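Since the model is a prediction, treat every value here as computed from it, not as a measurement. Only heavy atoms go into these numbers, but all of them, side chains included; no hydrogens, no water, no symmetry mates.
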Amino acid sequence: MNPFDKIMLSSLYLSGLYPNIPPLERLRSHFPLPEEIYSRKIQELVNLGLVEDGSKSRLTYLGRDAIKVVLVGGVFDLIHPGHITTLKAAKSHGDVLVVVVARTSTAAMINKDRRIYHEECLRLELVSSLSVVDLAIMGREGTLFETVEYIKPDVIALGYDQFHSEKEIAENCLKRKLTTRVIRLTTPIPASKSSLIKEHLGESFYRI
């Protein structure tokens, strides 16, 4: 499959997750081509059985299998080089990178002593602005796996210091009939870590 076809399929998949942005609008933001070109390409994907004929905006099972979706989750209270390295490494494992930004209530439930400086909507906007991220969404209330069931990723990429167990996540995915591969990423700059940066800079940083 040629790269442009994968980009088309990826845009259709992302618009299914976030329908506020239509597929063609999403595509044209990256590739300002005439609409007739997109229409012709979508019809070709329909003819290949990769896109549903009725709506021409939803992937068939074959279409979804043709792209690999990587999921990364985190709080992202302070974006730093370690985050960028992790997100780029995660994107290298697939075609689409979806980042789930943890709700403040969820982060507090995981670590009640952790202080979060930025509201969840600001953290979401921050992550969405990163070019390596194809889509950033707010995590759902409840467990991680409710969000995983919604996205249905092919790969879940964990940061080197995230406490989640690869085995536990993989087992919970199987219970939900998801054949998701769970990987643990490494980082070449372990000193670039939110907790260390906050400890070093102190609260004065947040009053700038």
Can you tell if the side chain of Arg123 reaches within under 4.5 Å of the side chain of Asp77, non-hydrogen atoms only? yes
Please lay out, stage by stage, how Asp154 and Arg64 fare under the test side chain to side chain contact (heavy atoms under 4.5 Å, CB included). CA-CA 10 Å; Asp154 301 286; Arg64 176 60 184 84; 3.0 Å; yes
What distance separates Arg26 CZ from Ile7 CD1, expressed to the nearest 0.5 Å? 13.0 Å
Quick check for you: to the nearest 0.5 Å, what is the distance between Leu45 atom CG and Leu62 atom CG? 12.0 Å
Please tell me whether Leu122 and Val99 are part of a single hydrophobic cluster in this structure, the criterion being side-chain heavy atoms less than 4.5 Å apart. no
Return the minimal non-hydrogen interatomic distance between Ser10 and Ile67, and the atom names on each side. OG-CG2, 3.9 Å
Rounded to the nearest 0.5 Å, how far apart are CG of Leu50 and NZ of Lys6? 11.0 Å
With a 6.0 Å cut-off (strictly less than), is the heavy-atom count around CD of Glu125, excluding the residue itself, greater than 12? no
Greater than 12 external heavy atoms within 6.0 Å of Arg58's CZ: no
Side-chain heavy atoms of Lys91 within contact of Asp134, under 4.5 Å: yes
Taking Arg140 for the side chain and Thr147 for the main chain, is one N or O donor matched with an acceptor at less than 3.5 Å? no
Nearest heavy atoms of Met138 and Glu120, plus distance in Å: CE-O, 3.4 Å
May I have the step-by-step check of side chain to side chain contact (heavy atoms under 4.5 Å, CB included) for Val69 and Lys152, ending in yes or no? CA-CA 8 Å; Val69 177; Lys152 295 180 174 58; over 6 Å; no
Indicate if Tyr150 and Tyr18 have the same hydrophobic cluster label, given that clusters are the connected sets of ILVMFWY residues with side-chain heavy-atom separations under 4.5 angstrom. yes
I want to check something: taking the side chain as every heavy atom from C-beta on, are Arg40 and Gln43 in contact at a cut-off of under 4.5 Å? no
Closest non-hydrogen atoms of Cys173 and Thr180, given as atom of the first, atom of the second and distance, are SG-CB, 4.0 Å
Where do Ser15 and Pro22 come nearest, in terms of heavy atoms and distance? OG-C, 3.6 Å
Report yes if the side chains of Ser29 and Ile21 come closer than 4.5 Å at any heavy-atom pair, otherwise no. no
Pairwise distance CG(Asp5) to CD1(Ile42) - rounded to 0.5 angstrom: 11.0 Å
Check against side chain to side chain contact (heavy atoms under 4.5 Å, CB included), His118 and Leu126: CA-CA 10 Å; His118 299 103; Leu126 197 62; over 6 Å; no
Non-hydrogen atoms of Leu97 and Val132 that approach each other most closely: CD2-O, 3.6 Å
Rounded to the nearest 0.5 Å, what separation is found between the CG atom of Leu33 and the CD atom of Glu36? 9.5 Å
Answer whether the closest heavy-atom distance between the side chains of His83 and Leu130 falls below 4.5 Å. no
So if you build clusters from Ile, Leu, Val, Met, Phe, Trp, Tyr with side-chain heavy-atom gaps below 4.5 Å, do Ile151 and Leu174 land together? no
Gap between atom OG of Ser128 and atom CD1 of Ile137 - 0.5 Å precision: 10.0 Å
Establish whether Val46 and Ile37 are linked, either directly or via other cluster members, by ILVMFWY side-chain heavy-atom contacts under 4.5 Å. yes
Considering only heavy atoms from C-beta outward, does the side chain of Ile79 approach that of Ile84 to under 4.5 Å? yes
Side chains of Val51 and Met8: does their closest heavy-atom pair fall under 4.5 Å? no
Could you pull out the closest heavy-atom pair between Leu14 and Val98, with the gap in Å? CD2-CG2, 4.2 Å
May I ask you to say whether Arg176 pairs ionically with Glu149, meaning some side-chain N is under 4.0 Å from a carboxylate O? yes
Measuring only between side-chain heavy atoms, which start at C-beta, is Val148 closer than 4.5 Å to Ile169? no
